[in-house]
Protein chains: 2
Amino acid sequence: MSANSRLTIAAHALAWIGLYQRQGHEIATSEQIAASANTNPVVIRRLLGELRRAGLVESRRGAGAGWSLARELGSITLLDVYEAVEPGPLFAMHRTTPDQGCVVGHGIQPAMRGIYQDIEETLRHELARVTLEKVLRDVLAAPRQPL
Amino acid sequence: MSANSRLTIAAHALAWIGLYQRQGHEIATSEQIAASANTNPVVIRRLLGELRRAGLVESRRGAGAGWSLARELGSITLLDVYEAVEPGPLFAMHRTTPDQGCVVGHGIQPAMRGIYQDIEETLRHELARVTLEKVLRDVLAAPRQPL
DNA sequence: TCTGTTGTAACGATTATAGTTACGACGGCC
DNA sequence: GGCCGTCGTAACTATAATCGTTACAACAGA
C-alpha cells in the first residue's frame, strides 16, 4: 500500500512535546524533536504545521520560539492526528472510469464506495479510542535496554 | 496516504468473472475484464496472478484460455483479496531508527507497533465480513442510468 | 501447424513521501 | 534599534510504488 510514516512521526512529536512539558519546559523546538525522531527539522515543522491547523499544537516565533501543546495529551486521539496529516481515503477507486455500458463497470464504484465507507468508519472509531496519553504511557512502558 | 486501486480492481475482476460464469460462460479473458475496468490487460493479469497464488482463481493457457473462479463468490472475502494484493502494513514506522538515547525515541516504535497491530486486526475483521457475493449484489443493485 | 491467451520482463509516466538547502519573517532580548 | 534563534515555506532532489504500455516466449487446443 506504500504506507507512510506521517502518523507515526506526528505521534512521536506530540508525545515528545508532552513529555518535555511535563518535565517543566515551556517550549520545544523542531530541532529537538527532529533529533529524537532522527529526521530533518523541516519534516517536523511541516507535520506540526498541519497539527497546528487542526488546533492540536501552537507555535511561537521569534527568539525562544518553538512548539507547545494546544490541548492535553489525554484529549487528543490518533483520529485527530490521522485527520490532520492523512488527506486521502484508504482505498482508491479506478483511475479511469470503468465501462458504463458493462453492468459491473457501471455498478462497481457505488458498491465499493459504500463498502469502503463502512470500513473507514470502523477504522476511525478504532483510531479515536487511542489517546496520545496512552501512546506516551506505552512509550514509557517500553523495557529499558539492559547494560 | 497515496491509496492505490489494487483492492478495487481485484474486486472488480472477481465480480466480473463471477457474473460471467453465472451467465453460463466457462472462461473469462484478461482482455474482457480489462475492457470493463477500462485498463490494460496486463494490469489485470498481474492482479489475477496474485489472486491465483492465493487460491482464489485458476487460469488456463493455450487456445481458449482464460480465468475462472477457484472458489464461490460467497466464500471469498475482501480480506482474502486484501491479503493477496496488499503486501505491506497500513502505517509505516520511521524510515530511520529514532534516537535510542531518548526515552521517546526508544519507546515509540514498540508502542506504535502494538497500537497499529490492534487497529489492523480490526480492519481485517471488517474486511472479512464482506464477501464477494455481497460485492456483486451491491454492484447489481446500483440504479440503472435513466434514458 | 496455426492461433489466441497467459505469464512475465522491461521500460516510462505519474505521484507521494521524505530529505535537504535556503531564506525571509518574526519577536524577544541586549 | 539591532542581534539572534526559530518558525514558515519554497524549491529542489532522491526514492519508491503504482500504473500503463510494449514485447515476446510458453502453452495448449483445434
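In this text the structure is predicted, and so the values were computed from the model without any measurement. Only this structure's heavy atoms are used, side chains among them; waters, hydrogens and symmetry mates stay out. By convention in this document, chain letters (A, B, ...) are assigned in the order of the sequence lines, proteins followed by strands, and residues within each chain are numbered from 1.
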Distance, rounded to the nearest Å, where A:N40 contributes CG and C:dT21 contributes C1'
9 Å
In Å, rounded to the nearest 0.5 Å, how long is the span from SG of A:C102 to CH2 of B:W16?
7.0 Å
Upstream residue (5' side of DNA chain D) when A:R53 and B:R6 are each assigned their closest nucleotide:
A:R53
Could you list all N or O pairs between the protein and nucleotides 10-15 of chain C that sit under 3.5 Å apart?
residue, atom, partner, partner atom, Å
C:dA10, N6, B:R46, NH1, 3.3

From CG of B:L47 over to C1' of C:dT8, roughly how many Å is that when rounded to an integer?
14 Å
Using distance only, find each side-chain donor-acceptor pair of residues 45-52 of chain B under 3.5 Å and give its atom names and separation, not counting sequence neighbours.
residue, atom, partner, partner atom, Å
B:R45, NH1, B:S30, OG, 3.1
B:E50, OE1, B:R6, NH2, 3.0
B:E50, OE2, B:R6, NH2, 2.9
B:R52, NE, B:S59, OG, 3.3

Could you tell me whether A:D80 and A:R71 have a side-chain N and a carboxylate O separated by less than 4.0 Å?
yes
Please tell me if A:T39 has a side-chain N or O lying less than 4.0 Å from either OP1 or OP2 of C:dA18.
no
Gap separating the OG1 atom of B:T39 from the NE2 atom of B:H12, nearest 0.5 angstrom:
10.5 Å
Can you give me the N/O atom pairs linking the protein to nucleotides 4-6 of chain D at distances under 3.5 Å, or say none if there are none?
residue, atom, partner, partner atom, Å
D:dG5, N2, A:G62, N, 3.4
D:dG5, N2, A:G62, O, 3.1
D:dG5, N2, A:A63, N, 3.3

Would you say a side-chain N or O of B:S59 is under 4.0 Å from OP1 or OP2 of C:dG7?
yes
Just verifying a value: how many Å separate B:R124 CZ and B:Y82 OH, rounded to the nearest 0.5 Å?
7.0 Å
Distance check needed: D:dT18 C1' versus A:M93 CE, whole Å only.
17 Å
N/O (side chain, B:R52) to phosphate O (OP1/OP2, C:dG7) under 4.0 Å:
yes
Mind running salt bridge (Lys or Arg N to Asp or Glu O under 4.0 Å) on B:E133 and B:R22 for me, showing each step along the way?
CA-CA 12 Å; B:E133 176 74 39; B:R22 288 183 191 186; 2.8 Å; yes
Look at the aromatic rings of A:H25 and A:Y20 and report parallel, tilted or perpendicular, splitting at 30° and 60°.
parallel
CG of B:L14 to CG of B:L136, rounded to nearest 0.5 Å, is 10.5 Å
For the pair made of CD1 in A:I27 and P in D:dC7, what is the distance, rounded to whole Å?
9 Å
A:E120 vs A:R113, salt bridge (Lys or Arg N to Asp or Glu O under 4.0 Å): CA-CA, chis, key distance, verdict
CA-CA 10 Å; A:E120 293 195 17; A:R113 245 189 286 277; over 6 Å; no
